[in-house]
Amino acid sequence: MIHIYILTLFPQIFEGPFSVGLFQKAVERGLVKLDIRNIRDYTHDKHHTTDDYPYGGGAGMVMKPEPLFEAVEAIKSELTEQGIKDPLVVLLSPQGRLFTQDIARELSTNSHLIFICGQYEGVDERVCEHLATDEISIGDYVLTGGELPAMVVVNAVVRLVPGFLGSPDSLLYESHTAGLLEYPQYTRPPVYREQSVPEVLLSGNHAQIAAWRREQSVLRTMKRRPELLAKANLSQKEKEYIKR
Ligand code: SAM
């Protein structure tokens with residue numbers, strides 16, 4: 001079970017993606033608990049102000065620190081009452097460490113996670129320095145807000161929670177689990193527009209199928225993402241093969 005808190009100015013954005021398919025089932029089965037909170041609920045002025053002009057001038061608005069600190073502190077004090085201390089506080093930011101499957105795995109071992117979604121020009125630096133325990137970027141590009149990145153990160157994390165996927169085997173060979181890309185997948189029909197499924201997959205010979213898949217996985221990684229091979233767990237034979 002993982003409990004995820006998301007602090008956002010646009011809670012409605014999360015309604016769609018988290019209420020369909022496997023995610024919805026996981027919520028219904030109690031594997032995931034989502035708590036989407038509006039940052040405006042932690043303001044005290046009548047306009048519910050969450051942003052202000054940047055000191056020193058410049059374009060755009062910056063998210064104020066007070067509502068973000070208060071929102072995180074409110075969650076933390078609820079958690080303390082349940083005996084949970086020091087939850088991770090992840091700020092989505094294009095300046096954060098680049099999100100990978102390893103980071104997803106690392107985050108999925110936590111029972112409680114708090115995500116902060118920025119907007120506008122981003123958040124006051126004191127949030128990065130004194131409130132967030134981690135900053136994560138989903139790629140070297142800039143989006144308008146942290147909501148889509150939060151969905152990406154939460155999705156990748158939650159599908160690693162035991163029980164989320166029907167078969168845990170789905171995780172074994174998939175891309176980025178063992179440093180390799182997954183082998184090609186086929187389904188029926190065996191021939192479609194004169195394009196045939198590789199014969200070995202129809203052979204019923206499990207050892208041959210496993211060997212073919214492994215070879216395809218290595219080949220595909222070599223062709224598409226050679227830099228991944230440095231971290232992959234390869235046999236001596238595979239290393240020599242790649243060298244050749
Ligand atoms: N001015 C900031 C900069 O140059 O680093 C960019 C702010 S961006 C327009 C607004 C918010 O979107 C950020 O605070 C962050 O929460 C989110 N965001 C944008 N791109 C992101 C990315 N690649 N990964 C994670 N979050 C991102």
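Atoms considered below: every heavy atom in the structure, side chains included; atoms not considered: hydrogens, waters and symmetry mates. Whatever order the structure lists them in is the order used to number ligands and atoms, beginning at 1.
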query: According to the interplanar angle, ranging from 0 to 90°, do the rings of Phe23 and Phe18 count as parallel (below 30°), tilted (30 to 60°) or perpendicular (above 60°)?
result: parallel
Testing the 3.5 Å rule here: is there a donor-acceptor pair between the side chains of [X] and [Y]?
X	Y	result
Glu66	His44	no
Glu147	Gln119	yes
Ser19	Gln24	no

Using a 4.0 Å cut-off to any heavy atom of [X], which atoms of ligand 1 qualify?
X	result
Gly122	7 (C), 14 (O)
Gln95	3 (C), 5 (O)
Leu143	8 (S), 9 (C), 10 (C), 12 (O), 19 (C), 20 (N)
Gly146	12 (O), 16 (O), 17 (C)

Is there a polar contact between ligand 1 and [X], counting only N or O atoms under 3.5 Å apart?
X	result
Tyr120	no
Gly139	yes
Gly118	yes
Val142	no
Pro149	no

message: If the contact criterion is a heavy-atom separation under 4.0 Å, does Ile136 count as touching ligand 1?
response: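 Yes; Ile136 lies near enough to ligand 1 that a heavy-atom distance drops under 4.0 Å.
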More than 12 heavy atoms of other residues, nucleotides or ligands under 6.0 Å from [atom1] of [X]: is that the case?
X	atom1	answer
Arg126	CZ	no
Tyr173	OH	no
Glu28	CD	yes
Asp169	CG	yes

field: Heavy-atom nearest neighbour in the protein, as seen from atom 1 (N) of ligand 1, with distance rounded to 0.1 Å
entry: Glu121 O, 2.9 Å
- request: Note the single closest protein heavy atom to atom 23 (N) of ligand 1, along with its residue, its atom name and the distance in Å.
  value: Tyr141 O, 2.8 Å
- request: For the pair Thr177 (side chain) and Leu171 (backbone), establish whether a donor and an acceptor sit closer than 3.5 Å, ignoring hydrogens and angles.
  value: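 Checking the backbone N and O of Leu171 against the side chain of Thr177, a donor-acceptor pair under 3.5 Å is found.
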- prompt: Backbone, side chain, both or neither: what part of Thr144 comes under 4.0 angstrom of ligand 1, heavy atoms only?
  reply: backbone
